[in-house]
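What follows is a single structure, written as structure tokens, with notes after it.
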Amino acid sequence: MSAPRITGHAKLAGVIGHPVEHSLSPVLHNYWLARHGIDGAYVPLPVVPGSFTTAVRGLQASGFRGANVTIPHKEAAFALADEVETQARIAGSVNTLVFRDDGTIHGSSTDGFGYLASLEAESVSLESLSVRGPALLLGAGGAARSIATSLMEKGMSVIFANRTNERATTLANELAQTWCAHMQSPAPALSTLDWDAWESSLGSMSLLVNTTSLGMQGGPAPEWTPDLSHAAETLVVSDIVYVPRETQLLRCAAARGLKAVGGLGMLLHQARPGFQAWFGAETEVDDATVAHILAVLKNR
Ligand code: ATR
């Protein structure tokens, strides 16, 4: 692959976060830039809480085309954007900013897109899932919110189960409200299940999504091994954890012959809309992209 080209006309973007040094986005975007032979660069932008607006205005003044936004600035990005896409409005957070020539900022949330694209890449059909039953989402944080929103847009009913049940109830209520405020159609069914009850409920679910940090290397319970014995044989099991690439959850699913989808795809696909907006080229998550990112992860 040719060396990156960065001239005085380079197209610039980056990722704003705190901390930001662990973000894989610079590796991914610069890999795609080099592959496409684009004159551009994507940099990590460490911005402390409280300095987000100053930083964004500075980037705009410096000719940047936009930025990804990660923890803890996603809500601030939502508040700052002049125009926010419907899905990001429902999800309540923004992870992609595009600076327009007229000085306005467009905000979107691409996590849900990334999740759906990762299912599609594994030949999972949302249409057939929604006919078979609801999606069960484990967790009630920002990732659960974004994924639930994108599943709802595809007409799927969503059930949340979270260790702290109150958070799940609050999330379901908030999503129902924001859906009604922003969409013309009635919200698909949203409900909650007790954390202790989710494993025994799997027989009626079409999709299981782990959005918690359970199973993550360095997380609260890396060896977390759920009981999938009640699952219907058509259940699709997905995990947004991507380190390790094959979590215990995915291993249990594979052992039962269930379709299992890992979290790396979501991470890679969510980057595509930003890349296209800032650098003007459609890119894809192919085997070479996955291999490149896996090699980087291995050396961390
Ligand atoms: P994000 O916004 O990235 O989705 P988060 O807000 O940190 O993440 O949420 C992490 C999720 O993992 C939460 O749903 C959390 O459950 P609580 O709301 O009860 O805290 C869940 N989680 C973390 N550790 C857990 C554990 N040991 N057992 C069960 N759930 C856990």
Side-chain angles (χ1 to χ4, degrees), residues 15-25 49 52 68-79 87-96 109-116 118 135-152 158-175 178 190-202 207-228 237-244 247-250 252 261-271:
V15 53
I16 305 173
H18 186 79
V20 78
E21 57 266 29
H22 297 297
S23 171
L24 280 170
S25 296
F52 180 75
N68 280 128
V69 181
T70 185
I71 289 169
H73 299 301
K74 287 184 176 185
E75 286 76 23
F78 180 81
Q87 199 184 94
R89 277 180 192 283
I90 299 169
S93 82
V94 154
N95 74 348
T96 303
S109 170
T110 64
D111 288 336
F113 164 85
Y115 177 71
L116 294 187
S118 76
L136 174 60
L137 267 61
L138 308 180
R145 188 182 278 262
S146 296
I147 290 172
T149 305
S150 59
L151 291 173
M152 288 165 71
V158 175
I159 300 174
F160 297 100
N162 193 48
R163 176 180 60 177
T164 313
N165 190 43
E166 207 185 341
R167 276 188 87 196
T169 310
T170 305
L171 176 57
N173 290 340
E174 278 178 15
L175 277 178
T178 47
L190 288 166
S191 57
T192 63
L193 253 181
D194 277 350
W195 182 248
D196 291 341
W198 74 262
E199 286 164 319
S200 56
S201 78
L202 283 178
L207 175 66
L208 173 68
V209 193
N210 175 42
T211 77
T212 75
S213 42
L214 293 170
M216 187 168 78
Q217 186 183 307
E223 293 305 317
W224 179 61
T225 307
D227 173 13
L228 302 182
V237 176
S238 68
D239 201 336
I240 70 161
V241 172
Y242 59 88
V243 181
T247 59
Q248 280 288 90
L249 170 64
L250 297 177
C252 294
V261 181
L264 191 62
M266 173 177 169
L267 176 82
L268 302 181
H269 283 282
Q270 63 77 31

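A quick note: this is a predicted structure, and the numbers were derived from the prediction, not measured. Every number for a ligand or one of its atoms is a count from 1 in the order of the listing. In what follows, residues are counted from 1 in the order of the sequence shown.
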Glu166 atom CD: more than 12 heavy-atom contacts under 6.0 Å: no

Closest candidate by heavy atom, reference atom 5 (P) of ligand 1, pool Pro220, Ala140, Gly141: Gly141

Polar proximity ligand 1 side, Thr164 side, N/O cut 3.5 Å exclusive: yes

Close N or O approach (Trp195, ligand 1; < 3.5 Å): no

Proximity to ligand 1 by part of Thr212, non-hydrogen separation under 4.0 Å: both

For ligand 1, the portion of Leu214 having any non-hydrogen atom under 4.0 Å away: side chain

Geometric class of the Trp224/Trp198 ring pair [parallel <30°, tilted 30-60°, perpendicular >60°]: tilted

Atom 10 (C) of ligand 1 within contact range, any protein heavy atom under 4.0 Å: no

Atom 7 (O) of ligand 1 protein-contacted (non-hydrogen atom, under 4.0 angstrom): no

Pair Gln87, Thr149: side-chain N/O donor-acceptor within cut-off below 3.5 Å: no

Qualifying residue, where the test is side-chain contact (heavy atoms from CB on, under 4.5 Å) with Phe160 and the options are Leu193, Leu138, Leu175, Thr211: Leu175

Shortest protein contact, atom 23 (C) of ligand 1 (heavy atom only): Ser213 OG, 3.6 Å

Nearest non-hydrogen protein atom, atom 30 (N) of ligand 1: Arg163 CB, 3.7 Å

Numbered atoms of ligand 1 (with element) below 4.0 Å of Gly139, judged on heavy atoms: 14 (O)

Short side-chain to backbone donor-acceptor contact, Ser150 and Ile147, under 3.5 Å: yes

